[in-house]
There are 2 protein chains.
Amino acid sequence: MGQLTRGKSKELSNTYNEILEKIHDRDYKLTPQRQVILRIMLEHGHQHLSAEEVYNIVKREASEIGLATVYRTLELLAELEVLQKLNFDDGRSRYELNDREVHHHHHLVCIQCGRVMEFAEDLLEELEKKVWNESKFLVLDHQVKFIGLCQECQGKTEKDQ
Amino acid sequence: MGQLTRGKSKELSNTYNEILEKIHDRDYKLTPQRQVILRIMLEHGHQHLSAEEVYNIVKREASEIGLATVYRTLELLAELEVLQKLNFDDGRSRYELNDREVHHHHHLVCIQCGRVMEFAEDLLEELEKKVWNESKFLVLDHQVKFIGLCQECQGKTEKDQ
DNA sequence: CTCGGTGCAAATCATTTGCATTAGT
DNA sequence: ACTAATGCAAATGATTTGCACCGAG
(Lines give C-alpha, C1' and ligand atoms only; values in the text may rest on other atoms or scores of the structure.)
Protein backbone atom coordinates (compact mmCIF):
# COMPACT_ATOMS: atom_id res chain seq x y z
CA MET A 1 0.00 0.00 0.00
CA GLY A 2 3.00 2.34 0.15
CA GLN A 3 2.86 5.14 -2.37
CA LEU A 4 5.94 4.34 -4.39
CA THR A 5 6.18 6.78 -7.23
CA ARG A 6 9.63 6.50 -8.66
CA GLY A 7 11.47 3.62 -10.31
CA LYS A 8 10.65 1.75 -13.48
CA SER A 9 9.03 -1.04 -11.52
CA LYS A 10 8.73 -4.62 -12.69
CA GLU A 11 6.38 -5.93 -15.33
CA LEU A 12 3.67 -6.58 -12.81
CA SER A 13 1.60 -3.62 -11.90
CA ASN A 14 -0.72 -3.42 -9.00
CA THR A 15 -1.98 -0.09 -8.00
CA TYR A 16 -5.33 0.88 -9.35
CA ASN A 17 -3.85 3.62 -11.47
CA GLU A 18 -1.07 1.52 -12.89
CA ILE A 19 -3.60 -1.00 -14.04
CA LEU A 20 -5.84 1.62 -15.59
CA GLU A 21 -2.82 2.83 -17.47
CA LYS A 22 -2.06 -0.68 -18.64
CA ILE A 23 -5.61 -1.02 -19.94
CA HIS A 24 -5.22 2.24 -21.77
CA ASP A 25 -1.85 1.29 -23.24
CA ARG A 26 -3.32 -1.81 -24.74
CA ASP A 27 -6.13 0.18 -26.31
CA TYR A 28 -8.83 -1.39 -24.24
CA LYS A 29 -11.62 0.89 -23.23
CA LEU A 30 -11.96 2.04 -19.68
CA THR A 31 -15.57 1.26 -18.97
CA PRO A 32 -17.25 1.73 -15.61
CA GLN A 33 -17.86 -2.02 -15.47
CA ARG A 34 -14.16 -2.73 -15.76
CA GLN A 35 -13.37 -0.17 -13.11
CA VAL A 36 -15.86 -1.65 -10.68
CA ILE A 37 -14.64 -5.20 -11.19
CA LEU A 38 -11.04 -4.12 -10.91
CA ARG A 39 -11.72 -2.27 -7.68
CA ILE A 40 -13.48 -5.28 -6.24
CA MET A 41 -10.62 -7.55 -7.18
CA LEU A 42 -8.16 -5.18 -5.58
CA GLU A 43 -10.20 -5.25 -2.40
CA HIS A 44 -10.84 -8.98 -2.35
CA GLY A 45 -7.75 -10.05 -4.22
CA HIS A 46 -6.71 -12.72 -1.76
CA GLN A 47 -10.05 -14.48 -1.64
CA HIS A 48 -9.89 -16.69 -4.72
CA LEU A 49 -13.19 -15.41 -6.03
CA SER A 50 -15.10 -17.16 -8.77
CA ALA A 51 -16.83 -15.24 -11.55
CA GLU A 52 -20.18 -15.75 -9.92
CA GLU A 53 -18.90 -14.54 -6.55
CA VAL A 54 -17.57 -11.41 -8.16
CA TYR A 55 -20.92 -10.99 -9.87
CA ASN A 56 -22.68 -11.14 -6.51
CA ILE A 57 -20.34 -8.71 -4.83
CA VAL A 58 -20.90 -6.31 -7.70
CA LYS A 59 -24.63 -6.66 -7.31
CA ARG A 60 -24.40 -5.96 -3.60
CA GLU A 61 -21.92 -3.10 -3.69
CA ALA A 62 -22.53 -1.37 -6.97
CA SER A 63 -25.59 -1.61 -9.17
CA GLU A 64 -25.30 -4.57 -11.54
CA ILE A 65 -23.12 -5.89 -14.31
CA GLY A 66 -24.03 -8.71 -16.63
CA LEU A 67 -22.50 -12.05 -15.71
CA ALA A 68 -21.03 -12.40 -19.18
CA THR A 69 -19.23 -9.13 -18.72
CA VAL A 70 -17.83 -10.32 -15.43
CA TYR A 71 -16.43 -13.38 -17.18
CA ARG A 72 -15.02 -11.29 -19.98
CA THR A 73 -13.45 -8.78 -17.64
CA LEU A 74 -11.84 -11.36 -15.39
CA GLU A 75 -10.42 -13.03 -18.46
CA LEU A 76 -9.10 -9.69 -19.63
CA LEU A 77 -7.47 -8.92 -16.31
CA ALA A 78 -5.87 -12.33 -16.28
CA GLU A 79 -4.48 -11.67 -19.73
CA LEU A 80 -3.06 -8.39 -18.47
CA GLU A 81 -1.42 -10.36 -15.68
CA VAL A 82 -3.33 -8.39 -13.12
CA LEU A 83 -5.11 -11.52 -11.99
CA GLN A 84 -4.10 -15.11 -11.86
CA LYS A 85 -6.60 -17.75 -12.87
CA LEU A 86 -6.65 -20.66 -10.47
CA ASN A 87 -8.21 -24.06 -10.29
CA PHE A 88 -8.98 -25.87 -7.08
CA ASP A 89 -11.02 -28.67 -8.64
CA ASP A 90 -14.29 -27.38 -7.35
CA GLY A 91 -15.73 -27.05 -10.81
CA ARG A 92 -15.18 -23.37 -11.41
CA SER A 93 -12.26 -21.07 -12.11
CA ARG A 94 -11.14 -18.68 -9.46
CA TYR A 95 -9.12 -15.51 -9.67
CA GLU A 96 -6.66 -13.93 -7.35
CA LEU A 97 -4.73 -10.72 -7.46
CA ASN A 98 -1.25 -11.04 -8.85
CA ASP A 99 0.41 -9.00 -6.19
CA ARG A 100 3.83 -7.68 -7.00
CA GLU A 101 4.84 -7.43 -3.37
CA VAL A 102 3.71 -10.84 -2.27
CA HIS A 103 4.24 -12.30 -5.72
CA HIS A 104 2.31 -15.46 -5.62
CA HIS A 105 2.37 -18.02 -2.97
CA HIS A 106 1.60 -21.68 -2.88
CA HIS A 107 -1.88 -22.96 -2.14
CA LEU A 108 -2.73 -25.50 0.49
CA VAL A 109 -5.98 -27.21 -0.45
CA CYS A 110 -7.65 -29.26 2.28
CA ILE A 111 -9.35 -32.36 0.92
CA GLN A 112 -11.59 -32.58 3.96
CA CYS A 113 -13.11 -29.13 4.35
CA GLY A 114 -12.12 -27.66 1.01
CA ARG A 115 -10.58 -24.60 2.53
CA VAL A 116 -7.66 -23.06 0.66
CA MET A 117 -4.83 -21.52 2.59
CA GLU A 118 -1.74 -19.79 1.36
CA PHE A 119 1.89 -20.37 1.94
CA ALA A 120 4.61 -17.84 1.27
CA GLU A 121 6.41 -18.22 -2.01
CA ASP A 122 9.66 -20.01 -1.59
CA LEU A 123 12.36 -22.13 -3.13
CA LEU A 124 10.93 -22.07 -6.60
CA GLU A 125 13.57 -19.95 -8.27
CA GLU A 126 16.12 -22.64 -7.93
CA LEU A 127 13.76 -25.10 -9.51
CA GLU A 128 12.91 -22.73 -12.35
CA LYS A 129 16.58 -22.32 -13.06
CA LYS A 130 16.95 -26.05 -13.21
CA VAL A 131 14.03 -26.35 -15.60
CA TRP A 132 15.68 -23.89 -17.91
CA ASN A 133 19.09 -25.51 -17.72
CA GLU A 134 17.82 -28.98 -18.37
CA SER A 135 15.02 -28.42 -20.83
CA LYS A 136 15.24 -24.89 -22.19
CA PHE A 137 11.61 -24.34 -21.32
CA LEU A 138 11.19 -20.64 -20.55
CA VAL A 139 9.26 -20.37 -17.33
CA LEU A 140 7.05 -17.30 -17.15
CA ASP A 141 4.92 -18.33 -14.24
CA HIS A 142 4.24 -21.22 -11.95
CA GLN A 143 1.54 -22.64 -9.76
CA VAL A 144 2.17 -24.87 -6.81
CA LYS A 145 -0.66 -26.63 -5.06
CA PHE A 146 -0.37 -28.83 -2.00
CA ILE A 147 -3.22 -31.19 -1.35
CA GLY A 148 -3.67 -32.51 2.16
CA LEU A 149 -5.29 -31.93 5.51
CA CYS A 150 -5.45 -28.66 7.35
CA GLN A 151 -4.69 -28.62 11.03
CA GLU A 152 -8.32 -28.75 12.13
CA CYS A 153 -9.22 -31.61 9.84
CA GLN A 154 -6.28 -33.71 10.96
CA GLY A 155 -7.95 -34.00 14.34
CA LYS A 156 -11.31 -34.84 12.83
CA THR A 157 -10.25 -37.71 10.59
CA GLU A 158 -8.79 -39.63 13.47
CA LYS A 159 -11.95 -39.62 15.52
CA ASP A 160 -15.13 -38.34 13.89
CA GLN A 161 -16.34 -38.85 10.38
CA MET B 1 13.77 -45.13 -6.21
CA GLY B 2 15.85 -48.10 -5.06
CA GLN B 3 14.17 -51.47 -4.93
CA LEU B 4 13.11 -51.35 -1.36
CA THR B 5 11.53 -54.67 -0.58
CA ARG B 6 11.16 -54.71 3.12
CA GLY B 7 9.07 -52.40 5.16
CA LYS B 8 5.42 -51.79 4.65
CA SER B 9 6.03 -50.03 1.34
CA LYS B 10 4.22 -46.89 0.39
CA GLU B 11 0.55 -46.54 -0.33
CA LEU B 12 0.93 -46.27 -4.08
CA SER B 13 0.55 -49.40 -6.15
CA ASN B 14 1.12 -49.70 -9.82
CA THR B 15 1.18 -53.04 -11.48
CA TYR B 16 -2.02 -54.22 -13.07
CA ASN B 17 -2.42 -56.96 -10.51
CA GLU B 18 -1.71 -54.78 -7.53
CA ILE B 19 -4.40 -52.43 -8.67
CA LEU B 20 -6.92 -55.19 -9.24
CA GLU B 21 -6.18 -56.32 -5.73
CA LYS B 22 -6.71 -52.83 -4.42
CA ILE B 23 -10.08 -52.68 -6.16
CA HIS B 24 -10.99 -55.97 -4.58
CA ASP B 25 -9.84 -54.91 -1.11
CA ARG B 26 -12.07 -51.91 -1.22
CA ASP B 27 -15.04 -54.06 -2.21
CA TYR B 28 -15.43 -52.55 -5.62
CA LYS B 29 -16.49 -54.94 -8.32
CA LEU B 30 -14.05 -55.99 -10.95
CA THR B 31 -16.03 -55.34 -14.09
CA PRO B 32 -14.68 -55.78 -17.61
CA GLN B 33 -15.17 -52.05 -18.19
CA ARG B 34 -12.92 -51.21 -15.28
CA GLN B 35 -10.31 -53.67 -16.47
CA VAL B 36 -10.29 -52.22 -19.96
CA ILE B 37 -10.01 -48.64 -18.78
CA LEU B 38 -7.32 -49.55 -16.31
CA ARG B 39 -5.31 -51.31 -18.98
CA ILE B 40 -5.61 -48.35 -21.29
CA MET B 41 -4.47 -45.99 -18.58
CA LEU B 42 -1.50 -48.21 -17.82
CA GLU B 43 -0.57 -48.13 -21.48
CA HIS B 44 -1.16 -44.42 -22.05
CA GLY B 45 -0.48 -43.27 -18.52
CA HIS B 46 1.87 -40.48 -19.46
CA GLN B 47 -0.38 -38.88 -22.04
CA HIS B 48 -2.67 -36.77 -19.83
CA LEU B 49 -5.79 -38.23 -21.35
CA SER B 50 -9.18 -36.64 -20.91
CA ALA B 51 -12.30 -38.71 -20.26
CA GLU B 52 -13.40 -38.29 -23.84
CA GLU B 53 -10.02 -39.34 -25.17
CA VAL B 54 -10.11 -42.47 -23.05
CA TYR B 55 -13.62 -43.09 -24.34
CA ASN B 56 -12.38 -42.91 -27.93
CA ILE B 57 -9.44 -45.20 -27.33
CA VAL B 58 -11.78 -47.70 -25.75
CA LYS B 59 -14.04 -47.48 -28.76
CA ARG B 60 -11.14 -48.05 -31.11
CA GLU B 61 -9.39 -50.82 -29.19
CA ALA B 62 -12.11 -52.67 -27.38
CA SER B 63 -15.82 -52.65 -28.13
CA GLU B 64 -17.48 -49.73 -26.35
CA ILE B 65 -18.10 -48.39 -22.88
CA GLY B 66 -20.58 -45.69 -21.99
CA LEU B 67 -19.04 -42.26 -21.54
CA ALA B 68 -20.59 -41.95 -18.10
CA THR B 69 -18.86 -45.14 -17.06
CA VAL B 70 -15.56 -43.79 -18.29
CA TYR B 71 -16.06 -40.73 -16.13
CA ARG B 72 -17.03 -42.84 -13.15
CA THR B 73 -14.12 -45.21 -13.57
CA LEU B 74 -11.52 -42.49 -13.94
CA GLU B 75 -12.90 -40.86 -10.83
CA LEU B 76 -12.68 -44.18 -9.02
CA LEU B 77 -9.10 -44.78 -10.10
CA ALA B 78 -8.17 -41.29 -8.97
CA GLU B 79 -9.72 -41.99 -5.59
CA LEU B 80 -7.66 -45.18 -5.37
CA GLU B 81 -4.62 -43.03 -6.09
CA VAL B 82 -3.93 -45.01 -9.21
CA LEU B 83 -4.48 -41.94 -11.33
CA GLN B 84 -3.89 -38.30 -10.71
CA LYS B 85 -6.45 -35.80 -11.89
CA LEU B 86 -4.87 -32.83 -13.60
CA ASN B 87 -5.99 -29.51 -14.90
CA PHE B 88 -4.26 -27.62 -17.67
CA ASP B 89 -6.92 -24.97 -18.14
CA ASP B 90 -8.14 -26.37 -21.41
CA GLY B 91 -11.64 -26.85 -20.09
CA ARG B 92 -11.50 -30.52 -19.22
CA SER B 93 -9.90 -32.70 -16.59
CA ARG B 94 -7.07 -34.96 -17.54
CA TYR B 95 -5.72 -38.04 -15.88
CA GLU B 96 -2.25 -39.47 -15.63
CA LEU B 97 -0.85 -42.59 -14.10
CA ASN B 98 0.44 -42.14 -10.60
CA ASP B 99 3.65 -44.01 -11.10
CA ARG B 100 5.39 -45.15 -7.97
CA GLU B 101 8.81 -45.25 -9.59
CA VAL B 102 8.68 -41.91 -11.29
CA HIS B 103 6.40 -40.52 -8.61
CA HIS B 104 5.01 -37.47 -10.19
CA HIS B 105 6.86 -34.86 -12.02
CA HIS B 106 6.20 -31.23 -12.69
CA HIS B 107 4.33 -30.11 -15.76
CA LEU B 108 5.57 -27.54 -18.23
CA VAL B 109 2.60 -26.02 -20.02
CA CYS B 110 3.39 -24.00 -23.14
CA ILE B 111 1.10 -21.02 -23.54
CA GLN B 112 1.82 -20.84 -27.26
CA CYS B 113 1.24 -24.34 -28.57
CA GLY B 114 -0.48 -25.82 -25.53
CA ARG B 115 1.82 -28.78 -25.36
CA VAL B 116 2.49 -30.22 -21.92
CA MET B 117 5.91 -31.57 -21.11
CA GLU B 118 7.17 -33.19 -17.97
CA PHE B 119 10.02 -32.42 -15.70
CA ALA B 120 11.47 -34.81 -13.17
CA GLU B 121 10.22 -34.41 -9.66
CA ASP B 122 12.63 -32.49 -7.57
CA LEU B 123 13.21 -30.27 -4.59
CA LEU B 124 9.71 -30.49 -3.28
CA GLU B 125 10.36 -32.52 -0.18
CA GLU B 126 12.21 -29.70 1.41
CA LEU B 127 9.32 -27.40 0.69
CA GLU B 128 6.77 -29.87 2.02
CA LYS B 129 8.75 -30.10 5.22
CA LYS B 130 8.70 -26.36 5.49
CA VAL B 131 4.95 -26.26 4.94
CA TRP B 132 4.51 -28.68 7.80
CA ASN B 133 6.84 -26.89 10.14
CA GLU B 134 5.36 -23.51 9.55
CA SER B 135 1.68 -24.24 9.17
CA LYS B 136 1.00 -27.80 10.36
CA PHE B 137 -0.77 -28.49 7.10
CA LEU B 138 -0.32 -32.20 6.36
CA VAL B 139 0.74 -32.51 2.76
CA LEU B 140 -0.45 -35.68 1.07
CA ASP B 141 0.20 -34.68 -2.49
CA HIS B 142 1.30 -31.77 -4.59
CA GLN B 143 1.04 -30.43 -8.08
CA VAL B 144 3.51 -28.11 -9.66
CA LYS B 145 2.82 -26.45 -12.96
CA PHE B 146 5.18 -24.16 -14.85
CA ILE B 147 3.62 -21.93 -17.45
CA GLY B 148 5.83 -20.56 -20.18
CA LEU B 149 7.23 -21.15 -23.64
CA CYS B 150 8.63 -24.40 -24.94
CA GLN B 151 11.87 -24.31 -26.87
CA GLU B 152 10.22 -24.33 -30.29
CA CYS B 153 7.78 -21.57 -29.46
CA GLN B 154 10.49 -19.32 -28.10
CA GLY B 155 11.83 -19.00 -31.62
CA LYS B 156 8.42 -18.36 -33.10
CA THR B 157 7.34 -15.50 -30.87
CA GLU B 158 10.33 -13.43 -31.77
CA LYS B 159 9.68 -13.57 -35.51
CA ASP B 160 6.48 -15.15 -36.77
CA GLN B 161 3.00 -15.01 -35.35
C1' DC C 1 -18.74 9.19 -35.40
C1' DT C 2 -16.84 4.40 -34.77
C1' DC C 3 -15.97 0.35 -32.93
C1' DG C 4 -15.29 -2.13 -29.04
C1' DG C 5 -18.01 -3.27 -24.91
C1' DT C 6 -22.21 -4.60 -22.70
C1' DG C 7 -26.39 -7.23 -21.63
C1' DC C 8 -29.39 -10.48 -22.45
C1' DA C 9 -30.79 -14.94 -23.93
C1' DA C 10 -29.63 -18.83 -26.29
C1' DA C 11 -26.03 -22.10 -27.28
C1' DT C 12 -22.07 -25.03 -25.82
C1' DC C 13 -19.82 -28.43 -23.66
C1' DA C 14 -17.91 -31.12 -19.88
C1' DT C 15 -19.59 -33.62 -16.25
C1' DT C 16 -23.34 -35.65 -13.40
C1' DT C 17 -27.46 -38.07 -12.38
C1' DG C 18 -31.99 -40.87 -12.46
C1' DC C 19 -33.47 -45.11 -13.48
C1' DA C 20 -34.31 -49.48 -15.58
C1' DT C 21 -31.32 -53.33 -16.77
C1' DT C 22 -27.31 -56.24 -16.19
C1' DA C 23 -23.92 -58.88 -13.96
C1' DG C 24 -20.11 -59.38 -10.26
C1' DT C 25 -19.77 -61.51 -5.71
C1' DA D 1 -30.16 -63.51 -4.80
C1' DC D 2 -28.38 -58.90 -3.58
C1' DT D 3 -26.52 -54.90 -4.79
C1' DA D 4 -23.40 -52.35 -7.09
C1' DA D 5 -22.23 -51.09 -11.85
C1' DT D 6 -23.61 -49.91 -16.46
C1' DG D 7 -25.76 -47.37 -20.24
C1' DC D 8 -28.62 -44.56 -21.88
C1' DA D 9 -30.83 -40.00 -22.00
C1' DA D 10 -31.96 -36.14 -19.63
C1' DA D 11 -30.37 -32.69 -16.32
C1' DT D 12 -26.99 -29.64 -14.60
C1' DG D 13 -23.92 -25.91 -14.36
C1' DA D 14 -20.09 -23.19 -15.75
C1' DT D 15 -18.62 -20.67 -19.50
C1' DT D 16 -19.24 -18.75 -24.22
C1' DT D 17 -21.41 -16.54 -27.98
C1' DG D 18 -24.67 -13.96 -31.30
C1' DC D 19 -26.50 -9.82 -31.81
C1' DA D 20 -28.85 -5.39 -31.11
C1' DC D 21 -27.80 -1.42 -28.54
C1' DC D 22 -24.77 1.81 -26.07
C1' DG D 23 -21.07 4.73 -24.92
C1' DA D 24 -15.74 5.59 -24.45
C1' DG D 25 -12.28 7.52 -27.26
Side-chain angles (χ1 to χ4, degrees), chain A residues 17 19-41 48-59 62-80 82-95 114, chain B residues 17 19-41 48-59 62-80 82-95 114:
Chain A
N17 286 330
I19 298 168
L20 295 190
E21 202 177 314
K22 194 182 247 187
I23 289 174
H24 185 261
D25 289 351
R26 299 256 217 133
D27 284 322
Y28 291 121
K29 290 183 178 170
L30 193 55
T31 65
Q33 290 89 333
R34 286 174 177 173
Q35 293 178 58
V36 167
I37 292 172
L38 173 55
R39 179 176 55 71
I40 286 177
M41 289 310 290
H48 316 128
L49 296 174
S50 67
E52 186 125 34
E53 286 167 351
V54 172
Y55 174 71
N56 288 326
I57 295 177
V58 170
K59 199 162 16 178
S63 46
E64 168 139 15
I65 298 176
L67 182 54
T69 299
V70 173
Y71 273 101
R72 286 185 283 230
T73 302
L74 292 174
E75 210 55 52
L76 174 73
L77 292 174
E79 189 218 305
L80 293 179
V82 169
L83 300 181
Q84 180 157 186
K85 193 175 187 174
L86 303 173
N87 185 294
F88 298 135
D89 294 304
D90 61 346
R92 70 211 64 195
S93 293
R94 299 185 166 278
Y95 295 84
Chain B
N17 286 329
I19 298 168
L20 295 190
E21 201 177 317
K22 194 182 247 185
I23 290 175
H24 185 260
D25 290 350
R26 300 256 216 134
D27 284 321
Y28 291 121
K29 291 184 179 170
L30 193 55
T31 66
Q33 290 90 334
R34 285 174 177 172
Q35 294 177 57
V36 167
I37 293 172
L38 173 55
R39 178 175 57 70
I40 286 176
M41 288 311 290
H48 316 128
L49 296 174
S50 67
E52 186 125 32
E53 286 168 351
V54 172
Y55 174 71
N56 288 325
I57 294 177
V58 169
K59 202 167 5 183
S63 46
E64 169 140 13
I65 297 177
L67 182 54
T69 299
V70 173
Y71 273 101
R72 287 186 281 228
T73 302
L74 291 173
E75 210 54 54
L76 175 73
L77 292 174
E79 188 219 305
L80 294 179
V82 170
L83 301 180
Q84 180 155 185
K85 192 175 185 174
L86 303 173
N87 185 295
F88 298 134
D89 294 304
D90 60 346
R92 69 211 64 198
S93 293
R94 298 185 167 278
Y95 294 84

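Sequence lines set the chain letters: A, B, ... in the order given, protein chains first and strands last, and positions in each chain run from 1. Side chains are part of it too, since the values below use all heavy atoms of this structure and drop only hydrogens, waters and symmetry mates. From a predicted model like this one, the values you see are computed outputs, not experimental measurements.
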Trainee: For A:Tyr55 and C:dT6, give me the distance from atom OH to atom C1', rounded to whole Å.
Mentor: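 It works out to 13 Å between those atoms.
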Trainee: Ignoring the backbone of A:Arg72, work out which of D:dT17, C:dT17, D:dT15 is nearest its side chain.
Mentor: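 Selected nucleotide: D:dT17.
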Trainee: To the side chain of A:Leu30, which of C:dT17, D:dA24, C:dA23 is closest?
Mentor: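 Among the listed nucleotides, the one closest to the side chain of A:Leu30 is D:dA24.
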Trainee: Could you state the atom-to-atom distance from CG of A:Leu67 to C1' of C:dA10 in whole Å?
Mentor: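 Whole-Å distance recorded here is 14 Å.
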Trainee: Please report the distance, rounded to the nearest Å, between CZ in B:Arg94 and P in C:dA14.
Mentor: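 Going from B:Arg94 (CZ) to C:dA14 (P), I get 11 Å.
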Trainee: Establish, with yes or no, whether the OP1 or OP2 oxygen of D:dG23 is under 4.0 angstrom from a side-chain nitrogen or oxygen of A:Thr31.
Mentor: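 Indeed not, no polar side-chain atom of A:Thr31 lies that close.
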Trainee: Which part of the nucleic acid, if any, lies within reach of B:Ser50 when heavy atoms closer than 4.0 Å are counted: base, sugar-phosphate only, or nothing?
Mentor: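 Result for B:Ser50 = nothing.
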Trainee: In whole Å, what is the span from the OH atom of B:Tyr28 to the C1' atom of D:dA5?
Mentor: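 Rounded to the whole Å, the gap is 12 Å.
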Trainee: At their closest point, which heavy atom of A:Asp89 faces which heavy atom of A:Asn87, and how far apart are they?
Mentor: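 In terms of heavy atoms, the two residues are closest at N-OD1, 2.8 Å.
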Trainee: Measure CG/A:Asp27 against P/D:dG25 and give the value in whole Å, please.
Mentor: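 Distance, rounded to whole Å: 11 Å.
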Trainee: Apply salt bridge (charged side-chain N to carboxylate O under 4.0 Å, His left out) to residues B:Arg92 and B:Glu53 and explain how you reach the verdict.
Mentor: CA-CA 11 Å; B:Arg92 69 211 64 198; B:Glu53 286 168 351; over 6 Å; no
Trainee: For A:Asp90 and C:dT16, what is the distance between atoms CG and C1' respectively, to the nearest whole Å?
Mentor: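 Nearest whole value for this atom pair: 16 Å.
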Trainee: Reckon A:Ser93 has a side-chain N or O less than 4.0 Å from the OP1 or OP2 of D:dT15?
Mentor: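 Indeed, a polar side-chain atom of A:Ser93 lies that close.
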Trainee: Nearest to the B:Arg92 side chain among C:dG7, C:dT15, D:dG25, which nucleotide is it?
Mentor: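 Minimum distance to the B:Arg92 side chain belongs to C:dT15.
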Trainee: Roughly how far, to the nearest 0.5 Å, is NZ of A:Lys85 from CG of A:Leu74?
Mentor: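 So the CG of A:Leu74 and the NZ of A:Lys85 are separated by 9.0 Å.
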Trainee: Would you say a side-chain N or O of A:Gln33 is under 4.0 Å from OP1 or OP2 of D:dG23?
Mentor: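 Indeed not, no polar side-chain atom of A:Gln33 lies that close.
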Trainee: Quick check: on DNA chain C, is the nucleotide nearest A:Ile65 upstream (toward 5') of the one nearest B:Lys29, or the reverse? Name the residue that is more 5'.
Mentor: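 Result: A:Ile65.
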Trainee: When the distance from OH of A:Tyr71 to P of C:dG5 is rounded to whole Å, what number comes out?
Mentor: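 Nearest whole value for this atom pair: 20 Å.
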Trainee: So which nucleotide from C:dA9, C:dA14, D:dA5 ends up closest to the side chain of A:Ala68?
Mentor: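 Of the options given, the side chain of A:Ala68 lies nearest C:dA9.
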Trainee: Does B:Leu76 reach the side chain of B:Arg72, with side-chain heavy atoms less than 4.5 Å apart?
Mentor: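 SC-SC contact between B:Leu76 and B:Arg72 ruled out.
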Trainee: For the residue pair B:Tyr71 and B:Glu52, confirm or rule out a side-chain donor-acceptor distance under 3.5 Å.
Mentor: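 The answer is no; no qualifying pair exists.
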Trainee: Tell me the interatomic distance from B:Leu76, atom CG, to C:dT15, atom P, rounded to whole angstroms.
Mentor: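 Spelled out: CG on B:Leu76 to P on C:dT15 is 17 Å.
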